[in-house]
Structures are given as C-alpha cells and as structure tokens.
Number of protein chains: 2
Amino acid sequence: MTKMSDVAALAGVSTATVSRVLRNPETVTETTKQKVLEAIEELNYQPNMLARHFRRSQTNTILVVVPNIINTVFAEIVGGIEEEASKNGYRVLLRNSNNQIDREYGSIEHMKQRQVDGMIMLSPRLDEEILQDISEKYPIVLATAHLDETKIPVVSIDNVSSSKKATEHLIRLGHRRIAHITGQLDSMISRYRFKGYREAMKENGIDYDTQLIREGEFTFESGYEQMMNLLDQKFPPTALFAASDEMAMGAINAAKSRGVNVPEDLAVVGFDNIRFSSVFDPPLTTIAQPKFGMGEKAMELLMKKFNGEPVEQTEHILPDELIIRDSCGARLKEKLIRT
Amino acid sequence: MTKMSDVAALAGVSTATVSRVLRNPETVTETTKQKVLEAIEELNYQPNMLARHFRRSQTNTILVVVPNIINTVFAEIVGGIEEEASKNGYRVLLRNSNNQIDREYGSIEHMKQRQVDGMIMLSPRLDEEILQDISEKYPIVLATAHLDETKIPVVSIDNVSSSKKATEHLIRLGHRRIAHITGQLDSMISRYRFKGYREAMKENGIDYDTQLIREGEFTFESGYEQMMNLLDQKFPPTALFAASDEMAMGAINAAKSRGVNVPEDLAVVGFDNIRFSSVFDPPLTTIAQPKFGMGEKAMELLMKKFNGEPVEQTEHILPDELIIRDSCGARLKEKLIRT
DNA sequence: TTGTAAGCGTTATCAC
DNA sequence: GTGATAACGCTTACAA
C-alpha cells in the first residue's frame with residue numbers, strides 16, 4: 001500500500017506538506033500543491049483513514065440506535081439522518097436495539113471507546129438520568145422521544161397536541177364512544193398520545209371510559225387483537241383512535257372480519273402516516289410526522305454539537321399534520337351532506 | 001483518558017501483558033490476569049479502539065450499500081445483516097445509494113481507505129466487471145443480485161423459477177390473458193422475473209402478448225398507473241403478475257377505482273411478501289423471499305471471506321415460497337367448488 | 001511556505 | 001509467561 005511518505009518522496013517534499021495539501025490546501029503554494037497532487041495521482045494514493053482517525057481521535061462516524069429498522073417509521077428517519085450525514089461527510093453506523101435496554105446501553109460503549117463522534121437514539125428506553133449523564137460527556141441527540149427535565153436535544157412532534165387533534169376530529173364528527181389503542185405504556189410516546197386523547201375527551205365534556213382503552217404494541221397483530229376485544233363489549237365504540245397506523249390497520253381488519261364497516265360503523269384515525277396508509281382500504285386518516293425531516297433535523301443538531309455551536313432550545317418540535325382520508329368518515333359525511 | 005500504560009503501571013506489569021489479558025487471556029497466568037483485570041476495573045479503563053483499529057488495520061465494521069433503506073424489502077435484509085454482524089462482533093455502516101451508480105462507486109473508496117473490512121451490496125447497479133475487480137481485492141458479497149459469469153458470492157432467490165411458479169399459479173386457475181408489470185428493466189432482477197413469466201406462458205402454450213407487458217418502477221404509483229393503462233385496453237387482462245407487492249397493491253387499487261373486483265374480475269399475484277401484504281385488502285398472493293435470512297446469509301458468507309474459509313459456491317440460492325392468499329382467487333374458487 | 005520530529009495508544013516481535 | 005521496544009501512518013507544533 002502506498003503511503004504518504006511515498007507521495008512525499010516522489011513529489012520531493014515532506015510528509016507534512018502532503019498532509020497540508022490534503023487537509024489545508026490554502027496553506028501551500030500552488031506549485032508545490034500541483035507537484036503533490038500529481039504524485040498522488042501517479043501513485044494512486046489513498047490516505048489511510050484509520051491512521052487519520054487515530055491521530056485526530058475523530059472518526060466522522062455517528063451511531064444511530066434504532067429499536068428496529070424494519071419499522072418503516074424508523075427506516076424513514078434513518079433515511080433522513082443518512083442523507084444529512086452524507087452531506088456533511090459523516091457516515092452512519094446502524095444498530096438495532098430490538099427495544100432491549102441493555103443493547104441500548106451497550107451501544108454507549110462505542111462512544112466511550114471513541115469509535116463514533118456522536119450518536120442519535122430513536123425512541124430510547126434508557127432512563128433519563130443515564131441519558132443525561134451520557135449527554136454531558138458525549139454529543140447525543142434523541143428523536144421521537146420526550147424528556148421531562150433534561151437538556152438533551154430532542155427532535156419530535158408534539159405528541160400530546162397531535163393526538164388531541166386526532167381525537168377532536170372524531171369528536172367533531174359526532175362520536176362520543178371513542179376507543180383508544182395505545183402503544184406500550186412504558187414508552188413515553190404512548191403515554192403522551194394517550195394524554196392527548198384524554199385531554200380532548202375531557203375538554204369536550206365526554207366521560208373517560210376505561211373500558212375503551214386498550215394497550216397494544218404498535219403492531220398489526222396487537223391492533224387486531226385489541227379491536228376484537230373492544231368489539232366484544234356490550235357497547236362497542238363507534239370510533240377508534242389508534243396510536244399507530246399499523247395498529248389502526250390491524251383494528252380495521254378486525255372490524256372487517258366482524259362485518260363492521262369502516263368508516264360507516266367504526267371511524268378510525270391512526271398515527272404516523274406510513275407509506276402504506278394511503279394505499280390501505282380504506283385509506284387511513286392519520287397524523288403525519290415529518291419522518292425524513294426529523295432525521296435530517298436530528299443530524300443537523302448533532303452537527304451543531306460537533307461544531308461547538310450552541311443548540312438554542314433543547315426540544316425541537318416539528319410540525320405534524322392531520323391527514324384526512326377515508327377511514328374516519330369525514331369524506332363520507334361530506335358526500336352525504338352534498339347529496 | 002486512562003490508557004493501557006496506566007493500567008499496566010497500576011497492575012505492575014507491562015502494556016504487553018495488559019494487551020494479552022484483553023485479547024489472548026489464555027496466554028497469561030490466572031494471577032496476573034486478575035491483577036490486570038482489577039486495575040482495569042479500578043481505573044475504569046476503556047481501550048482506545050481507534051488505536052487498535054489502526055494498529056491491526058482492521059475495523060470490525062462492514063459497509064452495507066442499499067438502494068434505499070425506506071424500502072421494506074431492503075430494511076428487512078439489513079435487519080438480518082445487522083443481527084448476524086452483531087453476533088460476530090461486527091458493526092454495520094449503512095449507505096443509501098438512492099440507486100445512483102456514482103454513489104455506489106463512491107462507497108468503494110471506503111474500503112480502499114480501509115475504513116471497513118468488507119461490504120455487502122444490495123441490488124447493485126454497478127457493472128459486473130467493476131464488481132469483479134473490487135471482489136478480487138476486497139471482501140464483498142452481493143444480495144438480491146444476479147451475475148452472469150463472475151465469482152463474487154451472491155445471495156438471492158431464484159427469480160426465474162419463482163416468477164414462473166407465480167405465473168403458473170395463475171395459469172392453473174384458468175387464466176390466459178395474464179399481464180405482467182415488471183420492475184425497471186435495467187435491473188437484472190426485473191429481467192429475470194420477466195423471464196420466468198415468459199417461460200411459464202410459453203411452456204403452457206400461451207401466446208406471449210406484448211400488449212400485456214408494462215414496465216413499472218417497483219412503486220405503488222407505477223403499479224397504479226400501469227394497471228390503469230392495462231385496463232384501458234380493448235381486451236384487458238384477467239390476471240396480473242406484478243414484480244413486487246407494492247406494484248401489485250397499486251394495481252389492485254387501480255382496478256378497484258375502475259370497479260374491477262379483485263380477485264373476481266382480476267386475479268393478482270405479487271412478489272416479495274412484505275409486511276403489509278397480508279394486511280392488504282384483499283390479502284396478497286405473493287412470492288415470499290426470506291429477506292431477513294438473506295441478510296444473515298450474506299453476512300455469514302462475508303465472515304467466511306474474513307476468516308479465509310473458502311466459499312464453496314458463488315451463487316447461494318435461498319428457498320422462496322408461493323404464499324396463497326386472496327388476491328389470486330384460488331381460495332374463492334375452492335369455496336365455490338365446495339358449495 | 002516548508003521541513004523536522006515527536007507523538008497518538010495499541011499490538012507484535014523478539015528476547016529473556 | 002512476561003517485558004522491552006519497534007512499528008503502524010498520519011498530524012501538528014515548532015523550527016527554519
């Protein structure tokens with residue numbers, strides 16, 4: 001393998017100069033620069049990045065810890081992170097935590113060993129104190145997360161107000177028996193979405209009926225199962241707000257299997273606006289998160305940390321949007337009114 | 001930062017011994033090992049991996065180049081790779097190529113600069129000769145790819161026979177006007193799936209009608225559009241084999257929008273068996289690829305290359321499976337026969 | 001502007 | 001079984 005000293009020899013300069021040409025070309029005269037560049041070309045020289053990383057103790061690599069890359073929500077966020085990282089000359093190391101706390105914890109070792117310059121965690125399950133500790137020593141940004149009091153940069157949407165908006169949409173359509181299938185309640189996000197639901201109900205003077213709450217797991221299967229459960233009740237709900245589109249789809253399929261029509265007999269609103277929501281039958285009314293944009297934003301914040309720029313606010317709330325399609329019945333209602 | 005020499009000093013041994021305890025504990029007596037371990041514990045020592053990588057010129061990192069991580073097929077394969085890599089103490093660097101050849105090409109620089117020990121490319125678009133060149137110098141494995149003559153390890157399913165199987169399934173259900181929406185035909189995979197379709201038609205004595213072939217782009221939208229196109233014809237098809245589930249879904253929605261019932265008026269078979277295929281209405285009959293398993297297998301092969309073990313065959317064909325659900329009408333037919 | 005030379009922290013070779 | 005020590009290839013004071 002040709003190394004810098006080979007280039008230096010051929011160009012008749014010192015390795016220091018070669019290094020300068022590579023990293024601070026402006027500090028070198030045009031003529032020597034040309035000589036060096038030619039030598040590099042001639043020898044087909046590639047710098048040994050490992051040596052560089054070691055010397056500078058910097059890797060231009062970030063770690064992204066994801067509960068599960070197979071989940072389209074996370075895949076899209078990772079897409080945004082990768083795009084922005086790439087633009088800034090950074091590389092992305094991917095780590096599936098499978099929602100296991102010890103795996104999340106283990107990935108921190110990577111940073112301690114200086115293998116990455118910083119990290120982005122999506123929907124972390126790690127304790128807030130632990131995260132706080134890490135954040136004091138290493139650059140870290142969280143996404144789709146919520147913290148109570150710490151000063152770690154977080155990129156998210158407002159899960160409470162968006163859920164409230166979703167629920168209110170159903171209320172406005174005349175529903176009062178509105179069920180809610182939550183995500184795992186040990187996750188902050190699920191609790192916040194649940195909170196938005198409760199606030200909407202309360203502010204509209206609707207009694208909060210625990211019979212209408214079910215805890216799911218953000219999967220089709222759990223949505224299906226919990227909906228079956230809800231339909232088995234004496235007074236089944238007329239509407240459902242599901243904390244994810246996958247669960248909404250599962251729930252709708254459960255309804256279909258029971259001959260319950262969506263949206264006629266059951267209005268449904270989901271959450272996330274994943275790729276498949278618009279293709280589903282009926283197309284899902286849902287809260288859209290700017291997933292790709294959240295990834296980009298998270299990486300931007302991390303770049304700021306790298307550059308020592310101050311990160312103004314700790315919570316970066318991106319705009320969400322209620323996307324009205326067919327599953328909530330709003331369009332159906334409009335049509336009925338018009339005719 | 002505490003370094004190895006600090007540990008050595010505290011334990012009263014040389015750095016060489018500390019290094020041995022860390023990497024070849026069996027070459028050290030139990031007592032010295034304990035001393036060293038205690039010192040490590042006491043000082044909270046973390047080895048500087050950058051130094052180690054540099055010294056050993058090995059990073060325990062592989063690069064995975066993916067057309068687009070947002071595509072669930074690739075996300076699942078990456079999931080499998082990550083899982084297997086993790087088990088072997090390897091880390092996964094993710095790179096989206098966005099199907100751009102220059103981005104694929106650029107990622108090779110990473111290997112030349114020794115930043116990764118090897119790479120896995122999914123559905124590469126790079127020329128076979130270029131890949132061959134790289135393969136001679138660096139460990140590389142391809143997945144969901146096809147090569148004509150080279151000796152690069154490839155993990156894939158048999159796209160020809162599986163497509164043939166899918167098409168024959170439709171033929172067996174009595175269809176003769178079977179349309180095919182392909183993926184981009186500049187991709188080998190699309191051409192192979194197309195080939196399987198043609199073979200099935202030919203072997204069953206059905207004239208191959210170019211009017212029934214449409215080139216899509218592996219997306220909903222293209223499936224929708226091409227199906228609209230097909231339905232506009234004087235003699236529309238009675239069945240469709242789409243080269244991906246996404247396109248099948250788009251096509252089914254196009255049919256629905258025209259009042260064409262699936263599977264009654266149009267039988268559809270897709271390809272990939274993505275997560276959403278079973279939830280779609282109607283649930284998709286499709287060819288299942290062992291996506292996660294393909295990722296694991298690809299990583300296994302890469303590990304073999306790392307360990308200098310011979311990779312017996314260059315093409316590793318994993319089993320596919322025709323999953324019969326509702327979109328092809330087979331179940332409907334069964335039901336009719338039974339009643 | 002350019003060269004000299006001292007590291008960076010680990011591993012591997014060679015003695016002992 | 002353990003220690004001394006020379007790399008590994010680059011960057012960066014500091015000197016010229």
Side-chain angles (χ1 to χ4, degrees), chain A residues 1-40 43-61 89 109-117 306, chain B residues 1-40 43-61 89 109-117 306:
Chain A
M1 217 66 236
T2 83
K3 47 188 155 182
M4 196 175 266
S5 56
D6 300 329
V7 175
L10 180 61
V13 297
S14 72
T15 58
T17 301
V18 177
S19 179
R20 286 188 193 103
V21 170
L22 255 31
R23 302 191 44 79
N24 308 90
E26 66 281 4
T27 67
V28 165
T29 48
E30 189 60 26
T31 48
T32 48
K33 195 170 91 184
Q34 284 314 320
K35 270 193 303 185
V36 171
L37 256 20
E38 273 166 34
I40 285 175
L43 296 173
N44 214 326
Y45 167 71
Q46 294 271 9
N48 180 330
M49 298 306 265
L50 298 185
R52 179 181 290 179
H53 292 161
F54 168 49
R55 182 56 234 245
R56 310 195 64 213
S57 77
Q58 193 197 308
T59 57
N60 281 266
T61 305
E109 299 298 298
H110 259 87
M111 250 185 339
K112 291 196 182 153
Q113 295 167 348
R114 303 224 202 50
Q115 302 202 62
V116 293
D117 298 344
F306 288 157
Chain B
M1 216 67 237
T2 83
K3 49 189 155 184
M4 197 175 267
S5 56
D6 300 330
V7 175
L10 181 61
V13 297
S14 71
T15 58
T17 300
V18 177
S19 180
R20 286 190 193 101
V21 170
L22 255 31
R23 301 189 45 79
N24 306 91
E26 66 280 5
T27 66
V28 165
T29 50
E30 190 60 28
T31 47
T32 49
K33 195 170 89 183
Q34 285 313 321
K35 271 193 302 183
V36 171
L37 255 20
E38 273 166 33
I40 286 176
L43 296 173
N44 213 328
Y45 167 72
Q46 293 271 8
N48 180 331
M49 298 306 264
L50 299 184
R52 176 181 291 179
H53 291 160
F54 168 49
R55 179 59 233 239
R56 311 195 64 211
S57 78
Q58 193 195 310
T59 57
N60 280 263
T61 305
E109 299 298 299
H110 259 87
M111 250 186 339
K112 292 195 181 156
Q113 296 166 349
R114 303 225 201 51
Q115 302 202 64
V116 294
D117 299 344
F306 289 157

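To find a chain, count down the sequence lines: A is the first, B the second, and so on, and within it residues start at 1.
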Please list each protein N or O that sits under 3.5 Å from an N or O in nucleotides 6-10 of chain D, with the distance.
{"unit_1": "D:dA7", "atom_1": "N3", "unit_2": "B:Arg55", "atom_2": "NH1", "d": "2.8"}
{"unit_1": "D:dG9", "atom_1": "OP2", "unit_2": "A:Lys3", "atom_2": "NZ", "d": "3.0"}
{"unit_1": "D:dC10", "atom_1": "OP1", "unit_2": "A:Tyr45", "atom_2": "OH", "d": "2.6"}
{"unit_1": "D:dC10", "atom_1": "OP1", "unit_2": "A:Asn48", "atom_2": "N", "d": "3.2"}
{"unit_1": "D:dC10", "atom_1": "OP2", "unit_2": "A:Met4", "atom_2": "N", "d": "2.7"}

Under 3.5 Å, which protein N or O atoms sit close to an N or O of nucleotides 13-15 of chain D? Give each pair with its distance.
none

Exercise. Kindly compute the distance separating OG1 (B:Thr27) from NZ (B:Lys33), expressed to the nearest 0.5 Å.
Key: 10.0 Å

Self-check item: Set of side chain to side chain contact (heavy atoms under 4.5 Å, CB included) partners for B:Asn44, sequence neighbours left out
Solution: none

Quiz item: Under a 4.5 Å cut-off applied to non-hydrogen side-chain atoms, are B:Val28 and B:Val36 in contact?
Solution: no

Quiz item: What do the steps show when you test A:Thr61 against B:Gln115 for side chain to side chain contact (heavy atoms under 4.5 Å, CB included), and what is the final call?
Solution: CA-CA 11 Å; A:Thr61 305; B:Gln115 302 202 64; 5.6 Å; no

Using a 3.5 Å cut-off and no angle test, enumerate the donor-acceptor pairs between side-chain atoms of residues 8-21 of chain B and protein atoms at least two apart in sequence or in another chain.
{"unit_1": "B:Ser14", "atom_1": "OG", "unit_2": "B:Ala16", "atom_2": "N", "d": "3.4"}
{"unit_1": "B:Ser14", "atom_1": "OG", "unit_2": "B:Thr17", "atom_2": "N", "d": "3.3"}
{"unit_1": "B:Ser14", "atom_1": "OG", "unit_2": "B:Thr17", "atom_2": "OG1", "d": "3.4"}

Show every donor-acceptor pair shorter than 3.5 Å between a side-chain atom in residues 45-57 of chain A and any protein atom, with sequence neighbours excluded, or say none if there are none.
{"unit_1": "A:Gln46", "atom_1": "OE1", "unit_2": "B:Gln113", "atom_2": "NE2", "d": "3.4"}
{"unit_1": "A:Gln46", "atom_1": "NE2", "unit_2": "B:Glu109", "atom_2": "OE1", "d": "2.9"}
{"unit_1": "A:Asn48", "atom_1": "OD1", "unit_2": "A:Leu50", "atom_2": "N", "d": "2.8"}
{"unit_1": "A:Asn48", "atom_1": "OD1", "unit_2": "A:Ala51", "atom_2": "N", "d": "3.1"}
{"unit_1": "A:His53", "atom_1": "ND1", "unit_2": "A:Met49", "atom_2": "O", "d": "3.4"}
{"unit_1": "A:His53", "atom_1": "NE2", "unit_2": "A:Thr59", "atom_2": "O", "d": "3.4"}

Exercise. Using side-chain hydrogen bond (donor to acceptor under 3.5 Å, both in side chains) as the criterion, list what pairs up with B:Thr29, not counting sequence neighbours.
Key: B:Thr32

Practice problem: Could you tell me, to 10°, how much the axis swings from one end of the helix from C:dT1-D:dA16 to C:dC16-D:dG1 to the other, five pairs per end? | Solution: 30°

Exercise. Answer yes or no: does a side-chain N or O of B:Thr17 lie under 4.0 Å from OP1 or OP2 of D:dG3?
Key: yes

Quiz item: For B:Val13, which contact category applies under a 4.0 Å heavy-atom criterion: base, sugar-phosphate, or nothing?
Solution: sugar-phosphate

Quiz item: Among all residues two or more places apart in sequence or in another chain, which pass the side-chain hydrogen bond (donor to acceptor under 3.5 Å, both in side chains) test with A:Gln34?
Solution: A:Glu30

Quiz item: Between D:dT11 atom C1' and A:Asn24 atom CG, what is the distance in whole Å?
Solution: 10 Å

Exercise. Could you check whether A:Ser57 gets within reach of a base, just the sugar-phosphate, or nothing at all, counting any heavy atom under 4.0 Å?
Key: nothing

Quiz prompt | Under the side chain to side chain contact (heavy atoms under 4.5 Å, CB included) test, residues paired with A:Glu26 that sit two or more places apart | solution = A:Asn24

Quiz item: Roughly how far, to the nearest 0.5 Å, is the CE atom of B:Met1 from the CG atom of B:Asp6?
Solution: 10.0 Å

Quiz prompt | Contact interval (first through last nucleotide) of DNA chain C with protein chain A, 4.0 Å heavy-atom | solution = C:dT1 to C:dG9

